[in-house]
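Shown next, in structure tokens, is the structure this report addresses.
Counting starts at 1 for both ligands and their atoms, in listed order.
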Amino acid sequence: MTDRPAPLRGVRILLGITGGVAAYKAPELVRALGKEGALISVLMTKHAQRFVTADALRAVTRGLVLTDLFEPAALTDGPWFPDTPKSSLAYAHIGMAREADLLLVAPATANLLAKLAHGIADDLLTTALLATRAPLLIAPAMNTAMWEHPAVQENVATLRARGVRFIGPESGELADGEYGMGRMAMLELIVSACAEVRGSGSSPAGAAGAAAPLRGRSIVVTAGGTEEAIDPVRVITNRSSGKMGFAIAEEARALGARVTLVTARTTATAPAGIATIEGMTVGAMRDAVLAAMVDADALVMAAAVSDFAPAAAAKTKLARTEKGLTLELSATPDILSDVRKKFPKKLLVGFALETEDATEGVARGREKLKRKGLDFIAVNNPLREGSEFGSDRNDVTLLAKEGADVPLGLRPKREIAREILLRVAAMLNGNR
Ligand code: C5P
């Protein structure tokens, strides 16, 4: 953990800060990015300065902190970043925009999103945002009603379609004391997202993957539904397709991890090129997972594991009888709890499949998180439209030991996987 490479080493980040309350977190964000090796210069809007001062930002970065298109420092010839020479580009909005590897706006207000979606450039930050060809990452933060306003959602869709990446917002307690969607993403997630944007960027340095947040990590993922024999022919199983676990395994590999996949019965096609061990029954899966965890940093337990198994499987096929059949089932071992007992410090993520309504489902998820000693649990409901068994999408609410629930909404399983794994990376890399 200690000698891992700083994922943003030498990456020039131009940070835009707009006038949301979350702007007060900007100095902490600059420090977190700097800790990962980034070189940061800052552009602040007029309203951002109501929440945090330019001097506070100057105290935490070696880069420039500018606020106005026409302030003297914005009209000189740089240097625009700590490692760049003075340039012939005598305007900050052009020089910074050209020399940055990544533009990050955090927090981004509804106003900033609207201006950017429509190409308005009426201050230093919005002008720089139009003058850049570097990737753009946005961390919105605003009141729930504002975030949900159709105009804001349309602007977000427009920007996404143009290739702008978003991180957050999250749900939780907002500045006005209300609970809802709109809080700026956790700083460590913003840092991981910067690393990810660099890792998947088009520049050769980025593609080389210095930024993959799970590089050097080993992750065990389980997928599918277990089978327990009733007799040599019949089994107790469930409707899990394995798609969620497969998406997690693929995304973990894309983020740089070494992945071991432990699969039970699946109906989807397994990802190619990932080390896979079969663990059909709860017992077999338990043994495979415990063995694989010896060398692993984290476990994501997406498999649907049977909670009950026939007390004893019949040796021969049970014959049909007129009076029917009563099966005696006993509880299976809880794999996650056993892994926690054996590896008290490793990072464990569980899934809680709940068919109750959302509030009850989340409450049960919280109880499981605690009882099984997990770091995160992803609560999902296959009875909800769009996230049925076998679907390519899922509707998940993430719960951590600390902090508010994070409803991720109905999204492709691969995106859900990324949200989970970026949190795993943030935790493993000590950013929380
Ligand atoms: O208690 P419940 O089965 O709902 O918990 C779900 C989570 O626990 C899932 O991550 C599942 O993979 C895991 N699990 C387990 N061992 C079991 C049953 C479930 O690890 N016997």
What about [X]: any of its N or O atoms under 3.5 Å from an N or O on ligand 1?
X    : value
K368 : yes
I335 : yes
G350 : no
L336 : yes

Considering only non-hydrogen protein atoms, determine which one is nearest to [atom] and report residue, atom name and distance to 0.1 Å.
atom                    : result
atom 12 (O) of ligand 1 : A303 O, 2.7 Å
atom 17 (C) of ligand 1 : V305 CG1, 3.4 Å
atom 3 (O) of ligand 1  : D307 OD1, 3.2 Å
atom 6 (C) of ligand 1  : F351 O, 2.8 Å

Less than 4.0 angstrom from a charged side-chain N to a carboxylate O is my criterion; do [X] and [Y] meet it?
X    : Y    : result
D375 : R340 : yes
K346 : D297 : no
R364 : E356 : yes
E415 : R393 : no
R411 : E419 : yes
D405 : R366 : yes

**Asked** Are R217 and N429 close enough that a side-chain donor and a side-chain acceptor fall under 3.5 Å?
**Response** yes
**Request:** Using distance alone, with no hydrogens and no angle criterion, decide if R265 and T237 have a side-chain donor and acceptor under 3.5 Å apart.
**Result:** yes
Those atoms of ligand 1 less than 4.0 Å from some heavy atom in [X]:
X    : answer
T332 : 21 (N)
S306 : 21 (N)
P333 : 16 (N), 17 (C), 21 (N)

**Message:** If you define the side chain from C-beta out and look only at heavy atoms, does anything of R423 sit under 4.5 Å from L398?
**Reply:**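 Result yes, sub-4.5 Å side-chain heavy-atom pair found.
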Please state whether [X] comes within less than 4.0 angstrom of ligand 1, counting heavy atoms only.
X    : answer
S337 : no
K372 : yes
A302 : no

